[in-house]
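Notes follow the structure.
We name chains A, B, ... by the order of the sequence lines, and we start the count at 1 in each one. All values reported here derive from a predicted model rather than from experimental measurement.
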2 protein chains.
Amino acid sequence: MQDPFVCTPVSHHHCISSALDKAETLCRSRNVRLTPIRHRVLELIWQQHRPVGAYDLLEQLQQQGRVAPPTVYRALDFLQQQGLIHRLESLNAFVGCAHPQHPHQGQFLICKSCRSLVEITDPEISTVINNRAEAVGFKPLNQTVEVSGFCAGCWQKEQTNG
Amino acid sequence: MQDPFVCTPVSHHHCISSALDKAETLCRSRNVRLTPIRHRVLELIWQQHRPVGAYDLLEQLQQQGRVAPPTVYRALDFLQQQGLIHRLESLNAFVGCAHPQHPHQGQFLICKSCRSLVEITDPEISTVINNRAEAVGFKPLNQTVEVSGFCAGCWQKEQTNG
DNA sequence: TGTGTAATGTTATAATATAACATCAAAATA
DNA sequence: TATTTTGATGTTATATTATAACATTACACA
């Protein structure tokens with residue numbers, strides 16, 4: 001089932017802190033360290049609540065002192081390993097994961113117009129892909145599924161405008 | 001159904017020339033120009049018959065004279081637009097398309113070990129993805145599906161070795 | 001032959017990412 | 001508590017991927 005969570009400007013502060021709380025709990029339980037830098041990077045990612053590039057993050061971090069690229073990339077690596085963020089290959093960007101509690105194959109719907117993103121976690125998609133891969137003798141380990149198109153709102157506008 | 005074409009070292013020269021012939025026919029019928037540079041880039045891509053980076057191609061082109069990055073990227077853009085090659089987002093690399101006659105959503109199986117690649121074109125995969133996207137109000141236009149794992153051969157080796 | 005368009009050349013630089021090594025902080029252990 | 005070990009971060013430099021901007025050339029067609 002899909003988490004019907006919707007983030008509105010009003011609820012956004014909650015969505016950020018909820019994500020950070022989850023992250024803290026998770027890291028504690030796994031006995032890994034959500035250091036200040038990692039925490040900060042995750043926070044920045046959730047503040048945007050859309051795909052963010054590493055150098056965007058870098059720029060924001062640099063407002064509080066000198067930071068170099070490796071620092072950001074290390075934090076991103078860590079957050080990815082812990083399943084707290086996903087990397088979007090088609091955008092070279094990162095986004096917070098809404099349900100990091102258990103590892104999963106996410107699928108990403110990326111709006112061409114407003115650049116918003118929805119993550120769905122549909123077992124049927126991953127199953128079909130795995131089945132087809134196995135049918136040709138391939139052992140699937142990890143899936144990248146990214147769909148470019150229009151979100152509901154932008155699609156309406158597209159249609160009325162043209 | 002999947003094209004059961006298999007490229008072996010022995011048949012590889014044929015697979016290259018077949019791809020180039022198809023490309024020529026296609027471009028002629030579409031009234032677009034498969035110029036020498038574009039032809040050469042496509043040839044180099046098929047010679048490798050695995051994902052190749054733009055700068056790999058550049059290096060090979062430079063063996064016959066000075067060439068700069070934009071030249072390669074323009075050729076790649078053209079070939080992509082014509083559906084003659086695909087871009088692999090998770091690798092920043094390009095690979096020849098085995099059936100460029102009609103536009104399609106390809107799915108890519110990428111071997112972590114030997115870096116070989118298989119393209120499958122499974123309508124069920126694209127359909128399921130589109131359905132699920134539409135179910136959440138999203139209008140899907142383009143899919144990126146890339147699966148990382150082991151090809152049949154390498155998976156066997158993996159299992160016997162460890 | 002001119003004239004417009006598409007393709008390519010050329011230079012510079014943007015954007016993304018990592019290697020390599022130094023330093024520092026925390027946790028684990030004696 | 002001092003020691004050691006490990007993991008995290010700092011720092012510098014550079015690799016890799018990609019594009020902007022403008023000049024020049026080749027081709028298609030009037």
Could you check how far [atom1] of [X] sits from [atom2] of [N], rounded to whole Å?
| X | N | atom1 | atom2 | result |
| --- | --- | --- | --- | --- |
| B:Ile37 | C:dT8 | CD1 | P | 5 Å |
| B:Tyr73 | C:dA7 | OH | C1' | 19 Å |
| B:Leu76 | C:dT8 | CG | C1' | 15 Å |
| A:Arg74 | D:dT6 | CZ | C1' | 15 Å |
| B:Arg66 | C:dT8 | CZ | C1' | 15 Å |
| B:Leu58 | D:dT19 | CG | P | 14 Å |
| B:Asp77 | C:dA6 | CG | P | 16 Å |
| B:Leu57 | D:dT16 | CG | P | 15 Å |

>> Both B:Phe94 and B:Asn31 contact DNA chain D. Which one's nearest nucleotide lies toward the 5' end?
In response: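 Nearest-nucleotide comparison on DNA chain D picks B:Phe94.
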> Which residue lies toward the 5' end of DNA chain D, B:Ala93 or B:Arg33, if each is placed at its nearest nucleotide?
Replying inline: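 On the 5' side of the pair lies B:Ala93.
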> Any chance CD of B:Glu24 has more than 12 other-residue heavy atoms, nucleotides or ligands included, within less than 6.0 Å?
Replying inline: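 More than 12 heavy atoms, drawn from other residues, nucleotides or ligands, come within 6.0 Å of this atom.
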> How far does OG1 of B:Thr127 sit from CD1 of A:Ile125, to the nearest 0.5 angstrom?
Replying inline: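 Here the rounded value is 11.0 Å.
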>> To the closest 0.5 Å, what do you measure between CG (B:Leu34) and CG (B:Leu79)?
In response: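 B:Leu34 atom CG to B:Leu79 atom CG measures 7.0 Å (nearest 0.5 Å).
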> Considering only side-chain heavy atoms of B:Pro70, which listed nucleotide, C:dT8, D:dT12, C:dT10, is closest?
Replying inline: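 Side chain of B:Pro70 sits closest to C:dT10.
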> Where the side chain of A:Asn92 is concerned, which of C:dA26, D:dG10, C:dT16 is the nearest nucleotide?
Replying inline: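 Between C:dA26, D:dG10, C:dT16, the one nearest the side chain of A:Asn92 would be C:dT16.
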>> Looking at A:Arg38, I'd like to know whether one of its side-chain N or O atoms comes within less than 4.0 Å of OP1 or OP2 on D:dT9.
In response: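 Checking D:dT9 against A:Arg38, a side-chain N or O does come within under 4.0 Å of OP1 or OP2.
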> Do any side-chain nitrogens or oxygens of A:Thr71 fall under 4.0 Å of OP1 or OP2 in D:dG10?
Replying inline: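 So the side-chain polar atoms of A:Thr71 do come within 4.0 Å of the phosphate oxygens OP1 or OP2 of D:dG10, strictly under.
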>> Quick test of the criterion, 5.5 Å between centres and less than 30° between planes. Is A:Tyr55 stacked on C:dT16 or not?
In response: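 So A:Tyr55 counts as stacking on the base.
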>> In this structure, is the centre-to-centre distance between the rings of B:Phe108 and B:His86 below 6.0 Å?
In response: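 Centroid distance B:His86-B:Phe108: below 6.0 Å, so yes.
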> Taking for each residue the nucleotide of DNA chain C with the nearest heavy atom, is it A:Gly53 or B:Thr35 whose nucleotide lies nearer the 5' end?
Replying inline: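 Mapping each residue to its closest nucleotide by heavy atoms, the 5'-most match is B:Thr35.
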> Aromatic rings B:His104 and B:His102: how do their planes relate, parallel, tilted or perpendicular, breaks at 30° and 60°?
Replying inline: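 Perpendicular: the ring planes of B:His104 and B:His102 meet at over 60°.
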